[in-house]
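First the structure, in the form of structure tokens, and then the observations on it.
By convention in this document, chain letters (A, B, ...) are assigned in the order of the sequence lines, proteins followed by strands, and residues within each chain are numbered from 1.
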Amino acid sequence: MSTIPAPRKSTVRLFMENIKDYLSRIVGDALSEAADIAGSDPNVITASRPEFGDYQANGVMAVAGRCCRKPRELAEAVIAGLRDEEDLVASAEVAGPGFINIKLRDQALIARGNGVLHDPLSLIPPDSQPRKIVVDHSSPNLAKEMHVGHLRGTVIGDCLSRVLERLGHEVIRQNHVGDWGTQFGMLISYMQDLGEDSSDLQTELEDLETFYRAAKDKFDSDSAFADRARLSVVKLQGGDPEYLSAWQRFIDESSRHCQEIYGRLDVGLTLADLDAESRYNDDLEGIVRELEEKGLLQESDGARCVFLPEFKGKDGEPLPVIVQKSDGGYLYSTTDLAAVRMRSFDFKADRSLYVVDARQSLHFQQVFAVAQAAGMASAEISLEHIAYGTIMGKDGRPYKTRSGDSVKLADLLDEAVTRAFELVSGKNPDLDEDERRLIAENVGITSVKYADLSKNRMSDYVFDWSTMLSFEGNTAPYLLYACTRIKSLLRKQGDDCSVNELTELTQPEERALLLKALQLPEIVEIVARECYPNLLCNYLYELSGAFMRFYEACPVLKAEPRIRNTRLALASLTEQALKQGLDLLGINTLERM
RNA sequence: GCGCCCGUAGCUCAACCGGAUAGAGCAUCGGCCUUCUAAGCCGAGGGUUGCAGGUUCAAGUCCUGCCGGGCGCACCA
């Protein structure tokens, strides 16, 4: 990273409140006063159209309705009562039925910009109320290889973790992998049949998907094997050392595979974040006992269940949450209750986010409700299912290849990198091959991540190789390309120019870019609260667009010195916003591409 | 049957607790490289936001009812 010289003036200020929060506060105060209603919401948003100014306050009309005032009159009173201690507002005007359109002073924007150049990390100030937050994400089943279905939860959870950490929260990542289900009996027996020390086994474990399928085929076709497999589960869960060690061998192999994928994806999950189902094995009996002691447990058809009035099944019958099967086995819900308890009382988390497929929303509603009813979660903890939609095929069904198997995540990434290498080799043949390979690895993988992160997480989306691996338009390469253009400028600026300070704005493209760059913290705040990474993607795409337009319209290196300095400073400010924003998405910038 | 989610341009998606004339990308057509990386920029066409009501100064957004799609609903995770 290039070091950024501090501005010469000693008057640099740092701003701990972003522009939107600042305006919300001063307009809100003025509105509350003018309407004599404490805590009135000014509803300040960025202007919906440029001719309205930079920001607009939409809240006056609603408040006017409540206090029986004419909206435009009230808006005038609000403007008259503004106490703008930062001197940020150039003009505030009433428009239409009672909007307040706000235009900001160039010099105030410049002051904020220089503050960021002086201390780049001040661009995203920490949250004033740091919390402890669990982010449960990725959570693959270790019996099989990771497939495209695991992409969303992995990258969305990683992004949210990064955003929350950046805001100063203590984030506890948890990877709730499936490692304890009945399938593991089958896999253990299959391993034993191959001979645990044989080289065959080692080779077969190289490809978990094939291994799983082979075991499954045997399970389906060989009833003696199936019996042994079922026995293996019992032995395993009963703690038989021989079975445990076979199981451990498999889990290690599978975890290693996951870590490989995480490494390629540049996802922060480590083995230390593993929160496997098996971890809770010894707690499950206690969970059931506790439910019984609290009088919440009922027996139904031999299974032990919790019935809550708010859940109804088919025909309006009460719907149970089964915590223990009639054969004595425990279930997903039981494990999740144990996990809630740990997160709430051992970790003492303020929020616990579950980044999990939307199809499990009923399950989480039930687990959260039972946990609250049974006191397994404190009253304060916020339990949130961060649901995401399914990746669909062209046929509108959940994505599968023709053979019926899901596409391996590793294969998708390989394909992305291959295509990126072809592209970079075509675009920039002068770079040596090693660098082209590094660029391709970055571009290919980040394109896949970005393609997912940039979509609203609630929607199902159709998987399509060409959009997933597109390198034009609203894609990771567009953002990376903006960065390389900036870096190229900064490389070429030479040593003669060490001043890194904004002085005056002469072109509208400069102003638009500066304002946009300063808005990063506003978006980060929303993402932390609402957990929608696509908002950050949209913002970064707009920021890059603002830079591209600036780049086309405003020559930098050839401009006269004063303007050149400001434009270079603007470029490095933009670089900071892009770099820091991309870092929150888990994307590293490139020097050239 | 009940519940959750979704329905926006030919395709894939946006639209910040309801805000002014619904925005991008891809695809199509047309312009811009002897000047800082053309993975770029500028422009054109393309919409009754599934349908019908309702609430509101204001509805893609909230409410009701239909239509269409996805998912879930007792011992899998």
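Partners of Ser24(A) by side-chain hydrogen bond (donor to acceptor under 3.5 Å, both in side chains), not counting sequence neighbours: none found. When the side-chain contact (heavy atoms from CB on, under 4.5 Å) test is applied to Asp283(A), the partners found at least two apart in sequence or on another chain are Tyr280(A), Ala338(A), Arg341(A). Remark: Glu552(A) engages Arg485(A) in a salt bridge (Lys or Arg N to Asp or Glu O under 4.0 Å) (not counting sequence neighbours).
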_Heavy-atom protein contacts under 4.0 Å, nucleotides 26-39 of chain B, coded B base, S sugar-phosphate only, - none_ = S--------SBBSB
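For the pair Ile486(A) and Ala571(A), the tightest heavy-atom approach, listed with the atom from each and the gap, is CG2-O, 3.4 Å. For the residue pair Pro140(A) and Met146(A), the shortest heavy atom distance occurs at CB-CG, 4.0 Å.
If you measure from atom CZ of Phe364(A) to atom P of rC4(B), you get 19 Å, rounded to the nearest angstrom. Rounded to whole Å, atom C1' of rG23(B) lies 10 Å from atom CG of Asn538(A). Between Arg457(A) atom CZ and rC13(B) atom C1' the separation is 16 Å, expressed in whole Å. Remark: P of rA15(B) and CD of Glu530(A) are 11 Å apart, rounded to the nearest angstrom. Rounded to whole angstrom, the span from the NE2 atom of His363(A) across to the C1' atom of rG72(B) amounts to 13 Å. What separates CG of Leu319(A) from C1' of rA74(B) is a distance of 7 Å, to the nearest Å. Atom-to-atom, CE of Met468(A) to C1' of rC13(B) comes out at 14 Å; the value is rounded to the nearest Å. When the P atom of rA14(B) is taken as reference, atom CG of Leu536(A) falls 15 Å away, rounded to whole Å.
Look at the P atom in both rG68(B) and rA14(B): the space between them is 24 Å, to the nearest Å. Across rC11(B) and rG3(B), the matching P atoms stand 31 Å from one another, rounded to whole Å. Of the P atoms belonging to rG23(B) and rC29(B), the separation is 25 Å, rounded to the nearest Å. A distance of about 12 Å separates the P atoms of rU8(B) and rU48(B), rounded to the whole Å. The separation of rC13(B) from rG19(B), taken at their P atoms, amounts to 23 Å, rounded to a whole angstrom. Remark: the separation of the P atoms in rC6(B) and rA15(B) is 12 Å, to the nearest Å. For the P atom pair drawn from rA22(B) and rG60(B), the interatomic distance equals 9 Å after rounding to whole Å. Atom C1' of rU34(B) sits at a distance of 32 Å from the matching atom of rU28(B), rounded to the whole Å.
Note: Tyr354(A) and Phe368(A) meet the aromatic proximity criterion, with ring centroids under 6.0 Å apart.
Residue Asn58(A) is in base contact, counting any heavy-atom pair closer than 4.0 Å across all strands shown. Contact annotation for Asp357(A): no contact, since no heavy-atom pair falls under 4.0 Å across all strands. Met458(A) comes within contact range of the sugar-phosphate backbone alone, with a heavy-atom separation under 4.0 Å but no base atom that close. Heavy atoms of Ser459(A) sit under 4.0 angstrom from primed sugar atoms or phosphate atoms, though from no base atom. Counting non-hydrogen atoms under 4.0 angstrom, Asn534(A) reaches the backbone sugars and phosphates but no base. Using a 4.0 Å heavy-atom cutoff across all strands shown, Asn101(A) reaches at least one base atom of the nucleic acid. Phe52(A) comes within 4.0 angstrom of a nucleotide base, judged by non-hydrogen atoms across all strands. Counting any heavy atom pair closer than 4.0 Å across all strands shown, Thr335(A) reaches no nucleic acid atom. Note on Leu331(A): only backbone sugar-phosphate atoms sit closer than 4.0 angstrom, heavy atoms only; bases stay farther off. Counting any heavy atom pair closer than 4.0 Å across all strands shown, Ala64(A) reaches no nucleic acid atom.
A donor-acceptor contact under 3.5 angstrom links the side-chain atoms of Thr46(A) to the base of rC16(B). Residue side chain Lys312(A) does not reach the base of rC73(B) through any donor-acceptor N/O pair under 3.5 Å, judged by distance alone. Remark: the Ser48(A) side chain and the rA15(B) base include no donor-acceptor N/O pair separated by less than 3.5 Å. A donor-acceptor contact under 3.5 Å is formed by the side chain of Asp41(A) with the base of rC17(B). A donor-acceptor contact under 3.5 Å links the side chain of Gln56(A) to the base of rA20(B).
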*Under a 3.5 Å cutoff on both atom distances, Watson-Crick or G-U, what's the dot-bracket for RNA chain B ([ ] crossing, | other strand)?*
(((((((..((((.....[...)))).(((((.......))))).....(((((..]....))))))))))))....
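Using cut-offs of 30° and 60° on the angle between ring planes, the pair Trp247(A) and Trp180(A) is perpendicular. Note: Phe184(A) and Phe250(A) have perpendicular aromatic rings, judged against thresholds of 30 and 60 degrees for the angle between ring planes.
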*Please lay out, stage by stage, how Tyr55(A) and Gln519(A) fare under the test side chain to side chain donor-acceptor pair (under 3.5 Å).*
CA-CA 11 Å; Tyr55(A) 286 81; Gln519(A) 289 170 334; 2.9 Å; yes
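Between Ser454(A) and Tyr541(A), it is Ser454(A) whose nearest contact on RNA chain B lies nearer the 5' terminus.
The salt bridge (Lys or Arg N to Asp or Glu O under 4.0 Å) pairs that include a residue from residues 53-63 of chain A are Asp54(A)-Arg511(A), where partners are two or more places apart or lie in different chains.
The side chain of Asn456(A) has rA14(B) as its nearest neighbour among rC57(B), rG72(B), rA14(B).
Using a 4.5 Å cut-off on side-chain heavy atoms (C-beta onward), Lys449(A) and Leu585(A) make no contact.
Annotated as syn: rC33(B), whose O4'-C1'-N torsion sits within 90° of 0.
Side-chain polar atoms of Asp336(A) and His363(A) form a donor-acceptor pair below 3.5 angstrom.
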